[in-house]
Peer 1: 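My structure is below; once you've seen it, I'll send some questions.
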Amino acid sequence: TVHYRIHVEDGEIPDFEADANAGSGTEKEFLVIGLVPGMENELEITLNAEDGTAVQTVSFRVEAPETASGYNVVLEETQGESSQELTDGLYYTLGIQGYYGHMFLFDNDGVLRYEMLLDGYKPDRVLFDGEDMVCCVSANQIGKISPLGKVTNLYTMNGYVMHHDFCYGEDGTLLVLATRKNARDSGVMDRVLEIDMETGTVTEIVDLRRILPDYYAETEKVTETDPFFWQAGTRDWIHVNTIDYMDDDSIVLSARETSTIVKIQDLHGEPALCYLIGDAAYWEGTGYEEYSYEKVGDFADQYGQHTVTVVEEDGMEEGTYYLMMYDNNYYANSTRTDDYEPVLPDSVSTDLMGDEKPSHVYWYLVNENQGTYELVWSFDVPYSSIVSSVQIVGDNYVVNSGVSNVFGEYDSEGNLIRQFGYECTMQGYRVMKDTFEGYWFS
């Protein structure tokens, strides 16, 4: 096996140590992750025998170049009240505005340990396929990248551009959120593509205009005076930002523009609406009232939610599961043509750029047998009107509040362990974490 340690002559930057994923043969080859950009790094590599004893140690110095992006090497750090340990791994950014085309990876001390260069677009999501990493590499391409940085496959979506998210579907496929280019109706962020990872075949599997045709007909283009003014000229009528696949051949979508969680069933048969979860008053008079699940309990619904994730646990009754999400707690709509005005709880914000009201991590218990949902747990996080993410890592939560320009790790009780501030022009899309074991590390 191979172990390495990186040391820099800076009292504020701790050493970085890792067991390299260097292969099983006698010849070892691996990518050194952890060099601090713009500094002289002392790299110590140790070869170990099968019993763990050191066979050989070599040391040399690497003058690492500055970052290609010019990004900060060390993030601002704030300690939380929780004494829980941070999980192992590297935090990785999935779209820092002003730095699209770069994925930054930081250690638990907020030190930049790797800068991955992409083709001007954000990675959106990181998955793994065998030994390869899968992420967006340009606006219409997803790439498979080997542990040594070689692109082993490219999946190109001609006629489409991606946005926000993708996930695994059935039988080695990818399900990708996309916009059809040059659509005559200017509709955006309302398609789901399926990619066969063996053949590279791309199929449009869902057009949300066909799932919600009556509602779509009552929407219009965004204007320069609307809340989401940066989408002016487009018909951003539903704005799907997250997709998660379920084993019953269905998908759960987060639709930000409607502050609704949408489930579509029979994906490979006749895709159809299964339910709508959110403020039921939003759908009254649209013709889709019957699909709104009933809220159990007294709580504010989610508004402008992101990273809606299906969580199934052993022992749960069939037809029940949890939905975990980042509840932005922000309501706005730029595309409805009727005179609908929501009656919002006092706790919900309509402030795009800042508010004393927090965002939340929400856990819903969904019961499809009874057509209900209830809030079973939540905790407050820094406010972010748009973007943002939550991810379970071990027993902790990694949360990015994109408009507040911070990400943090929280314990199982929702108490902050450590928080990092980052630089961007407006917001950071997502920040997640992984050990990268089996990829860069063993």
Side-chain angles (χ1 to χ4, degrees), residues 1-75 77 85-93 102-118 123 126-135 137 143-152 393-394 409 418 420 432-442:
T1 60
V2 178
H3 181 84
Y4 67 86
R5 180 178 65 87
I6 296 170
H7 174 78
V8 295
E9 295 297 333
D10 185 315
E12 297 182 359
I13 298 181
D15 289 355
F16 183 88
E17 296 192 54
D19 293 314
N21 178 24
S24 57
T26 56
E27 292 187 3
K28 304 297 182 181
E29 188 175 25
F30 59 97
L31 192 64
V32 177
I33 299 296
L35 297 174
V36 182
M39 295 187 181
E40 184 179 74
N41 294 254
E42 181 181 322
L43 177 60
E44 179 186 88
I45 300 177
T46 301
L47 306 179
N48 298 308
E50 290 184 2
D51 62 3
T53 59
V55 175
Q56 183 183 11
T57 298
V58 295
S59 297
F60 51 94
R61 294 182 180 275
V62 178
E63 192 71 42
E66 302 283 349
T67 58
S69 60
Y71 205 72
N72 295 332
V73 171
V74 182
L75 300 180
E77 176 185 317
E85 293 291 326
L86 296 173
T87 55
D88 294 334
L90 295 172
Y91 302 101
Y92 56 94
T93 65
H102 303 269
M103 180 164 64
F104 304 120
L105 294 99
F106 298 94
D107 66 17
N108 282 343
D109 295 290
V111 179
L112 181 62
R113 294 296 180 175
Y114 188 60
E115 177 190 47
M116 179 179 286
L117 304 184
L118 306 170
V126 168
L127 301 176
F128 293 94
D129 181 31
E131 292 187 349
D132 290 341
M133 176 189 292
V134 181
C135 69
V137 295
K144 290 176 64 174
I145 306 171
S146 78
L148 294 178
K150 179 181 180 180
V151 177
T152 61
V393 180
E409 191 161 337
R418 191 173 298 170
F420 301 94
M432 294 186 170
K433 194 175 191 180
D434 200 280
T435 63
F436 296 94
E437 291 181 2
Y439 187 65
W440 288 320
F441 310 123
S442 68

Peer 1: What distance separates D107 CG from L86 CG, expressed to the nearest 0.5 Å?
Peer 2: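 It comes to 10.0 Å.
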
Peer 1: Run the side chain to side chain donor-acceptor pair (under 3.5 Å) test against D132 and tell me which residues pass, sequence neighbours left out.
Peer 2: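 Expected list: T152.
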
Peer 1: Report the residues that fulfil ring-ring contact (aromatic ring centres under 6.0 Å, His included) with Y439, sequence neighbours left out, ordered by chain and then residue number.
Peer 2: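 Expected list: F128.
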
Peer 1: Would a 4.5 Å heavy-atom cut-off, applied to side chains only, mark C135 and L127 as touching?
Peer 2: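 Heavy-atom side-chain distance check fails, nothing below 4.5 Å.
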
Peer 1: Return the set of residues passing salt bridge (charged side-chain N to carboxylate O under 4.0 Å, His left out) with D10 (not counting sequence neighbours), or none when no residue passes.
Peer 2: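 Checked D10 against salt bridge (charged side-chain N to carboxylate O under 4.0 Å, His left out); zero matches.
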
Peer 1: What pair of heavy atoms forms the shortest contact from P123 to T93, and how long is it?
Peer 2: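 It is CG-O, 4.1 Å.
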
Peer 1: Quick one: closest heavy-atom pair of N48 and A54, and the distance?
Peer 2: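 Result for this residue pair: OD1-CA, 3.5 Å.
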
Peer 1: Can you confirm whether F436 sits close enough to Y92 that some side-chain heavy atom of one is under 4.5 Å from a side-chain heavy atom of the other?
Peer 2: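 In short, these two side chains touch, coming nearer than 4.5 Å.
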
Peer 1: Please report the shortest heavy-atom distance between V55 and A49, naming the atom on each side.
Peer 2: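 Here V55 and A49 meet closest at CG2-N, 3.6 Å.
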
Peer 1: Would you say that R113 contacts L35 through its side chain, given a criterion of any heavy-atom pair below 4.5 Å between the two side chains?
Peer 2: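 R113 vs L35: side chains apart.
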
Peer 1: Sort and list the pairs that fulfil ring pair (Phe, Tyr, Trp, His ring centres under 6.0 Å) and have at least one residue in residues 45-72, not counting sequence neighbours.
Peer 2: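 The answer is Y71-Y99, Y71-F104.
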
Peer 1: Can you tell me how far OG1 of T53 sits from CG of L47, rounded to the nearest 0.5 angstrom?
Peer 2: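 Here the interatomic distance stands at 11.0 Å.
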
Peer 1: Once salt bridge (charged side-chain N to carboxylate O under 4.0 Å, His left out) is applied, what residue pairs with a partner in residues 12-25 remain, sequence neighbours excluded?
Peer 2: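 The answer is R5-D15.
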
Peer 1: Does the K433 side chain pair with the main chain of T87, one donor and one acceptor, at a distance under 3.5 Å?
Peer 2: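 Between the backbone of T87 and the side chain of K433 there is a qualifying donor-acceptor contact (under 3.5 Å).
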
Peer 1: Let me check something: any side-chain donor-acceptor pairs from residues 22-32 under 3.5 Å, sequence neighbours excluded? List them with distances.
Peer 2:
| residue | atom | partner | partner atom | Å |
| --- | --- | --- | --- | --- |
| K28 | NZ | G23 | O | 2.9 |
| K28 | NZ | G25 | O | 2.9 |

Peer 1: May I have the step-by-step check of side chain to side chain contact (heavy atoms under 4.5 Å, CB included) for T67 and L112, ending in yes or no?
Peer 2: CA-CA 10 Å; T67 58; L112 181 62; 3.5 Å; yes

Peer 1: List the atom pairs, with distances to 0.1 Å, where a side-chain N or O of residues 38-46 and a protein N or O form a donor-acceptor pair under 3.5 Å, not counting sequence neighbours.
Peer 2:
| residue | atom | partner | partner atom | Å |
| --- | --- | --- | --- | --- |
| E40 | OE1 | R61 | NH1 | 3.2 |
| N41 | OD1 | V36 | N | 2.8 |
| N41 | ND2 | V36 | O | 3.1 |
| N41 | ND2 | M39 | O | 2.8 |
| T46 | OG1 | T57 | OG1 | 3.3 |

Peer 1: So do the side chains of I33 and Y4 get within less than 4.5 Å of each other, counting heavy atoms only?
Peer 2: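 Yes, at least one pair of side-chain atoms sits under 4.5 Å.
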
Peer 1: Quick one: does T1's side chain get under 4.5 Å of S442's, heavy atoms only?
Peer 2: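 Result no, sub-4.5 Å side-chain heavy-atom pair not found.
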
Peer 1: According to salt bridge (charged side-chain N to carboxylate O under 4.0 Å, His left out), does anything in residues 47-56 pair up with another residue at least two apart or in another chain? List the pairs.
Peer 2: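 Salt bridge (charged side-chain N to carboxylate O under 4.0 Å, His left out) check on residues 47-56 returns no pairs.
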
Peer 1: If you round to the nearest 0.5 Å, how far is CG of L90 from OG1 of T435?
Peer 2: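 It is 9.0 Å, given to the nearest 0.5 Å.
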
Peer 1: Nearest 0.5 Å, what's the CE-OG distance between M133 and S146?
Peer 2: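 So the gap between those two atoms works out to 10.0 Å.
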
Peer 1: What residues form a side chain to side chain donor-acceptor pair (under 3.5 Å) with D434, not counting sequence neighbours?
Peer 2: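 Here no residue qualifies.
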
Peer 1: Using the test salt bridge (charged side-chain N to carboxylate O under 4.0 Å, His left out), find all partners of E77 that sit at least two apart in sequence or belong to another chain.
Peer 2: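 Partners of E77 by the salt bridge (charged side-chain N to carboxylate O under 4.0 Å, His left out) criterion, ordered by chain and then number, come out as R418.
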
Peer 1: List for me each residue that meets ring-ring contact (aromatic ring centres under 6.0 Å, His included) alongside F420, sequence neighbours excluded, and say none if there are none.
Peer 2: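 Testing F420 for ring-ring contact (aromatic ring centres under 6.0 Å, His included), a comparison that skips the adjacent residues, returns Y91, F407.
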
Peer 1: If you take all heavy atoms of P37 and V73, which pair is closest and at what distance?
Peer 2: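 Shortest heavy-atom separation between P37 and V73 comes out as O-CG2, 3.8 Å.
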
Peer 1: What distance do L105 atom CG and Y114 atom OH have between them, rounded to the nearest 0.5 Å?
Peer 2: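 So the CG of L105 and the OH of Y114 are separated by 8.0 Å.
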
Peer 1: Might you point out which heavy atoms bring P14 and D109 nearest each other, and give the distance in Å?
Peer 2: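 Looking at all heavy atoms of both residues, the shortest contact is CG-OD2, 3.4 Å.
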
Peer 1: Tell me every residue that passes side-chain contact (heavy atoms from CB on, under 4.5 Å) with L117, counting only those two or more places apart in sequence or in another chain.
Peer 2: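 Listed in chain order: A68, H102, E115.
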
